[in-house]
Amino acid sequence: MLRVYNTLTKTKEPFETVEPGRVGMYLCGPTVYKPSHIGHMVGPVIFDAIKRYLVYSGYQVTWVVNITDVDDKLINESNARGMPMAKLAEEMTADYMRNITAMGVDAIDHFPRCTATMPEIIRFAQDLIDKGFAYAAKGDVYFDVSKDKDYGKLSRRELEAMQGEGGGMAERKRNAADFALWKSAKPGEPAWDSPWGPGRPGWHIECSAMSKKILGETFDIHGGGLDLVFPHHENEIAQSECCHGRPMARYWMHNGLMQASDEVGKLGGRSTKPMEGDLAAQEAGKISKSKGSAPFSELLKRFPAEAIRFFLLSTHYRRPIDYSEARIAEVQTGMETFYRFLKRFERISGESFYALDAPRTRKASDFGPGDGPLLQAVVAEREKFLEAMDDDFNTGGGIASLFDLVRLLNKYADDEKLEDPAKREPAKLHQLKRGTQVFKEIAGALGLFRKPVEEKSTVADDGLTAKLMSLLIELRAEARKKKDFAAADRIRNGLAEIGVILEDRPSGTEWSAK
RNA sequence: GGCGCUGUAGCCAAGUGGCUAAGGCAGCGGAUUGCAAAUCCGCCACCGUGGGUUCGACUCCCACCAGCGCCUCCA
């Protein structure tokens, strides 16, 4: 039984969808005005794993991630660069797509763009005016929060306490907390025609319009970063629920934010410390404001994408993540265990792990009783994994099962001496294979180990390297036979110095470039 | 000031009202190995502090301390 934490109720609730067997999921995507940084990857990676797990659990899932391609920040940035907003948005969208694809996020079904949803957005705003929840004022349109009795229910705020947007818009609003559905364009700004004159959508309306367009008036999961609870999601709820008279989403899921813990200093609460001109500290803390928030593409050059994905999934999604490169490097070390096992499996079985058939759904993965001690243990481990994931997508707990599973499989290969080709009885290989299939099955539910990591080609391989290596290995084998260990070790140590590791096994010596 | 989150081993990080408190990194023993590498086995936590509830709390409640988020169009 899957249980999901709902920000709306602040409890874990049993997961029940609007339509049996189907899930509609909306994740607030990026405003494409700058290259994405690692913080932008948190939501996509987590919700990618969530979608995979839901699909694995038998649901048919439609996942929508919006692209905000009109917005004040975009206008500012395009002015600063002297580049048309549309071109800037296009470039930054491409950057975002490259990054999430590298992270293995390829299960998003729709990427609606704000600029391509104008008719629906305008109609939505008009609907709200018609129903008395919004009003036009000098080319702007505002949502009237005083008309919404439920306003504040997501973030649990009292209306009185809200300050609202400041600036020149304030005097056109009836209440300080009213927010813009439509903003009139200043001369030279990108604009779309509307019943209220040329302008652009407010920040929140696009998500209401797009989610309605693709997922309907009530859908199952609405996700985003914790920072979006207020005002963004609060306002989306206000718009959609006032417009439709029914709940917008059943489950509101919010991921913790990434923090650059070791690169920046401490950041005190705003009211507790006056922050006397300490801009650096103000810029610190949350990574999106941090100066150290380098483009994600840079990070990808230094670490394998899968290690970053693993890192993001190793913490529970609702907790903040402390980001540091040292941590990613640590995770990378840990992952070697898996890659080594995958190679070991291929060496022993002669089959490719990545080509291995594995169950795609938990239903399809049934083991009968009497499958032997190894598979009994494997199935028990799989149960632990499912239990963790069923509990609000506890990927951190699930990853522990991955490690335990590999240990089980390694131990079996050790105990049965499967490195020795003579000991590879078909029945034993079969056991190992079934166990490995389960590993692949649950790793796949997290979106891990789906594709071979690209071999970094440190040498232009024309076959020469391989030939030289086999010659060296042969020479060393002869030396070892003659108990000339000095010579053997000299070869191994010498190769180690230039980054080539030799490993002796019953089946022969293998080499790998570090 | 308002709303809220977090505090588990050297580091990261799951989890539970009572059985030996996951897993990873680092470290230390051992098996294996000619020696290594890899693998396996073992060791390494009185769960922020002080109270309370309870037969019993790390797990529930209160207070405090520390760190953090939002209340300002950040994912």
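Residue numbers start from 1 in every chain, and the chains themselves are labelled A, B, ... in the order their sequence lines are given, proteins ahead of strands. Quick caveat, the model's predicted, so the values are computed rather than measured.
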Quick one: which of [options] gets closest to the side chain of [X]?
| X | options | result |
| --- | --- | --- |
| A/Leu228 | B/U39, B/A75, B/A13 | B/A75 |
| A/Val42 | B/C41, B/A75, B/A37 | B/A75 |
| A/His37 | B/A75, B/C5, B/C25 | B/A75 |

Check: Is A/Lys483 touching bases, backbone alone, or none of the nucleic acid, heavy atoms closer than 4.0 Å?
Finding: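 No contact at all - A/Lys483 keeps every heavy atom at 4.0 Å or more from the nucleic acid.
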Notebook entry, point to check: When you match A/Arg344 and A/His316 each to their closest nucleotide on RNA chain B, which lands nearer the 5' end?
Noted result: A/His316
Note to self: On RNA chain B, does the nearest nucleotide to A/Arg319 precede the nearest nucleotide to A/Gly396 from the 5' side, or the other way round? Give the residue.
What the structure shows: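 Nearest nucleotide further toward 5': that of A/Arg319.
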Aromatic ring proximity, centroids under 6.0 angstrom, [Y] and [X]:
| X | Y | answer |
| --- | --- | --- |
| A/Phe353 | A/Phe341 | no |
| A/Phe179 | A/His204 | yes |
| A/Tyr251 | A/Tyr5 | no |

Whether [X] contacts [N] is assessed here as follows: a side-chain N or O lying under 4.0 Å from the phosphate OP1 or OP2. Is that the case?
| X | N | value |
| --- | --- | --- |
| A/Thr31 | B/A75 | yes |
| A/Arg156 | B/C70 | no |
| A/Asn394 | B/G15 | yes |

Notebook entry, point to check: B/G23 P sits how many Å from A/Asp404 CG, rounded?
Noted result: 6 Å
Item checked: Base-pairing assignment for B/U33 (Watson-Crick or G-U wobble, both under 3.5 Å) ->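 Checking every strand shown, B/U33 finds no partner, since no pair has both distances under 3.5 Å.
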Margin query: Here's a test for you: under side chain to side chain contact (heavy atoms under 4.5 Å, CB included), which of A/Ile50, A/Ile442, A/Thr395 qualifies with A/Met389?
Written below: A/Thr395
Notebook entry, point to check: Taking the P atom of each, how far is B/G7 from B/C47, in whole Å?
Noted result: 14 Å
Notebook entry, point to check: B/C28 and B/C70: how far apart are their P atoms, nearest whole angstrom?
Noted result: 42 Å
Could you check whether the side chain of [X] and the base of [N] have a donor-acceptor pair of N or O atoms closer than 3.5 Å, going by distance alone?
| X | N | answer |
| --- | --- | --- |
| A/Asp504 | B/C35 | yes |
| A/Arg340 | B/A38 | no |
| A/Asp489 | B/G34 | yes |
| A/Arg327 | B/C25 | no |

Item checked: Aromatic stack A/Phe403/B/G23: centroid gap under 5.5 Å, interplanar angle under 30° ->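 No, the aromatic ring of A/Phe403 does not stack with the base.
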Next item on the list: Please indicate whether A/Glu298 has more than 12 foreign heavy atoms, meaning atoms of other residues, nucleotides or ligands, lying under 6.0 Å from its CD.
Entry: yes
